[in-house]
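Proteins get letters first, then strands, A, B, ... in listed order; numbering begins at 1 in each. Below, all heavy atoms of this structure are taken into account, side chains as well, without hydrogens, waters or symmetry copies.
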Number of protein chains: 2
Amino acid sequence: MNQTPSPSPTARPVVPPGPRRGLGVGELVLDGGFWGALQETNARATFRHCLDWMERLGWLANFDRTAAGTTGPDRPGWQFSDSEVYKLLEALAWELGRTGDPDVEKMFSAVVDRVAAAQDDDGYLNTCFGGPGQPGRYTDLPAGHELYCTGHLLQAAVARARTSGPDDRLVDVARRAADQVCAEFGAARDEGLRPGAGICGHPEIEVALAELGRALGEPRYTEQARLFVERRGHGTLAPIALLSPAYFQDDVPVRDADVWRGHAVRALYLAAGAVDVAVDTGDDVLLDAVERQWTRSVERRTYVTGGMGSRHQDEGFGDDWELPPDRAYCETCAGVASVMVSWRLLLATGDVRYADLIERTLYNVVATSPRADGRAFFYANPLQQREPGADVRPDEVNPRAEGGARAPWFDVSCCPTNVARTLASWHTYAAFVDDTDGAATVTLAQYASGDVRVAVGAGELALRVDTTYPTAGTVRVTVLEVPDRPVTLRVRVPGWAGGATLATPSGGPTARPVPPGWAEVPGALAAGDAVVLDLPVEPRLSWPDPRVDAARGTVAVERGPLVLCLESVDLPAGVALDEVRVDPAAGVRPHGDGALVRARRIPLPDDGTGAPPFASGPPSAPWRDDDGAPAELELPLVPYHRWAERGPSAMRVLVPIASPAPPVQNLSKETP
Amino acid sequence: MNQTPSPSPTARPVVPPGPRRGLGVGELVLDGGFWGALQETNARATFRHCLDWMERLGWLANFDRTAAGTTGPDRPGWQFSDSEVYKLLEALAWELGRTGDPDVEKMFSAVVDRVAAAQDDDGYLNTCFGGPGQPGRYTDLPAGHELYCTGHLLQAAVARARTSGPDDRLVDVARRAADQVCAEFGAARDEGLRPGAGICGHPEIEVALAELGRALGEPRYTEQARLFVERRGHGTLAPIALLSPAYFQDDVPVRDADVWRGHAVRALYLAAGAVDVAVDTGDDVLLDAVERQWTRSVERRTYVTGGMGSRHQDEGFGDDWELPPDRAYCETCAGVASVMVSWRLLLATGDVRYADLIERTLYNVVATSPRADGRAFFYANPLQQREPGADVRPDEVNPRAEGGARAPWFDVSCCPTNVARTLASWHTYAAFVDDTDGAATVTLAQYASGDVRVAVGAGELALRVDTTYPTAGTVRVTVLEVPDRPVTLRVRVPGWAGGATLATPSGGPTARPVPPGWAEVPGALAAGDAVVLDLPVEPRLSWPDPRVDAARGTVAVERGPLVLCLESVDLPAGVALDEVRVDPAAGVRPHGDGALVRARRIPLPDDGTGAPPFASGPPSAPWRDDDGAPAELELPLVPYHRWAERGPSAMRVLVPIASPAPPVQNLSKETP
């Protein structure tokens, strides 16, 4: 029953009951550009790359062995390796909705066959538990990742249902798996609940059940998601080693928490599921709680790149203001999860700040992970690399998420497939439709060249978007076709874009200034209308809040939505990265997709004192400048998302400044 | 055969074959003062505190159960809990040498009885392996800590042998345990060595065997220590989870390494053992290697407190210049181990820099751990506490080393007993004797009031030292009695003590300036001679090396050997620690054992922008000052070793400065 998919134009990743919905995979077709190119590389290289690695490591064969009953304690891979197969299936499903490529369909069907064969009669499906010589089902909820894996299976099925309809083999597999979860973990379980028996150590099943419930119109799944969200935060999970209950967000109930803490990906997947549950059940208290957590976490625990996670110890959030650039974890998967949360809050509330963070995170975390060829990835995304990383051999499994070089695969390899599924569905996040009682509004939230055909009522709004964003800041929107009912168009002016202008049909020849936020085109759209948004993408300096101790005395340079960085490969001979001090007073000039800054070379003190690196003596001591290397420099900064593409390099996003000091605080944040 | 100890005046912790030796426990008697008071609290409170906790948790009963053959898989405590019992025995042994207190003798004998009863006939002694229902002997060398525990048993016996002679029950137990180790891990083992079969994951046996070999004149033990040192660094230990071989220094042989890396306590115990082996075998290449590692590690991987360890993830060293104040680990045990290494290098080379680091580490790491009452301890010693820590309940076992409050005991509780054994033997590190071919030199390396009686040849040199150091910087040394042969006296001028003076008999009434280093009193000593050393202990500013990114834009304040800190409990009402910016130009004034600094209050920006904590806009933006709280402040800084003694408090050692910026580098390090 594997039919060839016929992409539904209204197919879309998340359809909350509220007035706003995202784009279906068929409603925007990109033609090249920043994200179009990443989608092509994703399709041309990354899918096969991931498939080959999982075949090589036996993660796919685990399904065959489970189907054949020949698995056992020697099963290769971590307990969560099934989820990588599912995330690839999700990516392939989105890609099929985007292109209908028959080769992708073959790959998809072949994997689905092997997965489906491993499912037990009662719907349980996991290659690490319940088989001969393996631990029993659900015997290790804190660390076993069973429901986490099931969740990713469900999300793959949601993508399939959205792109080829619910009458599908993978959807059936997911439905049976979800039914088994409901039977095992339903409300009855709450009577005499064993400690930790009611939830999974790694959230994911929550958001997956909610999405599947929406996709299939099955309220039981939504209710099960709600149960999982509500059960969490009561300290019922047995601790793992020295990790605290906050590690898996079992310390405080979601509706009571003020900030994200513990393992970042877990915290964010849970938050995404909580938003879905809150929206689907009309639980405004729960929705407010997640918005509250988003606000404090973004303002105090998020890097300028949008990256989240300050600690390697538990892959987790740090305390407020704890944002070390060198030990930044900023896991790629946390970036993916952050986009999932912000997208849901955007649809739930319409608040532009969520679209701003999505843009920051997509360009500077998600786009940073894959190498240009789509065959190597960053797991962690630090903002500083002191020593150039060693090149990674193409056949090497990277044990961990460090090293300053993208790796083809990881022992824990959650990031490559997460990038793949996000890129394949990127265009569905680019706009949303608000369609209530006859008054429809289409809002462009992210910018890329392409053709938009949005279903509005019985008709369609067709738009042509032309832009080279983010290289240039001009976005031209031409109205090709309008439906019968009136449609209003809104575009996003990012928080960083002070001085933006918008030219509209009614505005005549002169463009009007538009402040950050949603900019509405006055009046109903008519065919032939042309709208031109001009966003100032000149490079700019960004100063850290004085409470970010690890960034004191430094400045970041941003250009449009891109965070820039300084790489050692761009330094003149004889100049070390640690010697560079930028002169903020000299400003910053455009330079390709990056910028040029003026800087001084400050030769560093010698070692050899035999004391810790602290010096007594007057602060007025002069610079030393005792050799031939240049003292005045003009240095290029490049987009952070492309760092380490020119060989191992030392790198800084936060570049130290020469005195005078920056303001210890600055009142004009991004939104006036 | 437990005789009452008769302290031998020449008893001493480490006696290398070289010309220099440390003091015996009987050769210096402190009377009060900074360290005398800590020794009294140690004796009065800490010994019993540790014993009661180990009794309560069953760590002592583990020996009884092993002796009775009733132990099993339910054995309480970590696999290394035996070592805490041995470290307490070592502390008790030193204390007996110091005071001969019969109550301490009773405590010591009672524990030795229980330990001795658990030893197998062949000398093997461990309560976690080899018993009924337990894993077999040496089946988990990477993580089992068996040889680590044996090492601490041996070090306890060394203290006993040094203070009451080798004819002792504990010494016999240790001798048999050491013989079993030599039989099991001797050179024969190197043929067809199983991976990881030749060394323990946690170094300690190396230094212990070397010391026992010296104490008992048994070269087999020294040779076994040499074998363990040489076997390490070849990647033979099976990896633990995601930790790299560097975690237990199995990545590079000791003689080839350039810097300390991985788990700090492991790296330092190994280095201490390597110095002992190098000295005992005349291996100058090995000694040079450890000196090379010391130099780079101190200059690039050591905090201003002397603390070592920048990462919680692996309790380990970070990269060069990675010294975050908030996430500083600076484990108390690493401070103890650092003193062990520097002490050995001091005796081996006579280089004053090792004595300088010992002082810095003793005052600012070792003395920081115990609470004033000796019944709670810091495990980690961070240089910044953002939020006041929660008070720890007196009956609570702290799961981990964090929280900003001293804890009575830890799940992993290596630090309290390590502090106890170090304080009990502190005075043996205060001076050393260089006695070669008739020319004897006595060098005072650390300062405390007390009576010194040093054996020189057949006679004794008797000195009286009077000082309130570090409160005041005057150290008066009076010569009471001299031996037949000429004796020269040297005193240490610490690296921080620019402007020190020394008054000597031959110098007449006027004191002469003495630069940092060893200051020698001219001529041979005569009874009645008086020497007065004046060290400038006025508070001073210390500037971080520009490569220490996490300290940029801050300054530390030191006073003599004490690092100072700013605690929130000392701030005026309405002023938050994050708002304080010190004015380095206004200097720093003495204030008790601390200092007073001038500072400005810079109110912080509001949150609520919904963006990460980076602000665009001009760096010239003005301070905001919009409320009634004082803007100009004079704030007291207190010794870091006493922080959090007045209730939970936020704290900073590195205090942000108001603009203008500090020098990005400064040429005058501590030694001119």
- prompt: B:Gln384 versus chain A, heavy atoms under 4.5 Å apart: side chain, backbone, both or neither?
  reply: side chain
query: What are the two closest heavy atoms between A:Gly553 and B:Arg552, and how far apart are they?
result: O-CD, 3.5 Å
message: So B:Ile602 and A:Pro546, do their side chains get closer than 4.5 Å, heavy atoms only?
response: no
- request: Answer yes or no: is there a side-chain heavy-atom contact under 4.5 Å between B:Arg547 and A:Pro613?
  value: no
message: Quick check on B:Tyr303 against chain A: is it the side chain, the backbone, both or neither that has a heavy atom closer than 4.5 Å?
response: backbone
task: Tell me, out of A:Asp578, A:Val548, A:Asp549, A:Val555, who's got the most heavy-atom pairs with chain B below 4.5 Å.
output: A:Asp549
query: Between B:Arg327 and A:Gln313, do the side chains contain an N or O donor and an N or O acceptor separated by less than 3.5 Å?
result: yes
- request: Output yes when a side-chain donor or acceptor of A:Glu299 lies under 3.5 Å from a complementary backbone atom of B:Gly610, and no otherwise.
  value: yes
task: Applying side-chain contact (heavy atoms from CB on, under 4.5 Å), name anything that partners B:Thr361, two or more places apart in sequence or on another chain.
output: B:Ser338, B:Val339, B:Leu357, B:Val365
message: So for B:Arg301, is it side chain, backbone, both, or neither that comes closer than 4.5 Å to the heavy atoms of chain A?
response: neither
task: Go through A:Thr305, A:Thr302, A:Val304 and name the one with the most non-hydrogen pairs under 4.5 angstrom from chain B.
output: A:Val304
statement: Honestly, the part of B:Val298 sitting under 4.5 Å from a heavy atom of chain A is both
message: At a 4.5 Å cut-off on heavy atoms, which part of B:Asp320 comes close to chain A: side chain, backbone, both, or neither?
response: backbone
message: Side chains of B:Phe614 and A:Leu654, heavy atoms from C-beta outward: is any pair under 4.5 Å?
response: yes
message: I'd like to check A:Arg386 versus B:Glu322 (side-chain heavy atoms, cut-off strictly below 4.5 Å). Are they in contact?
response: yes
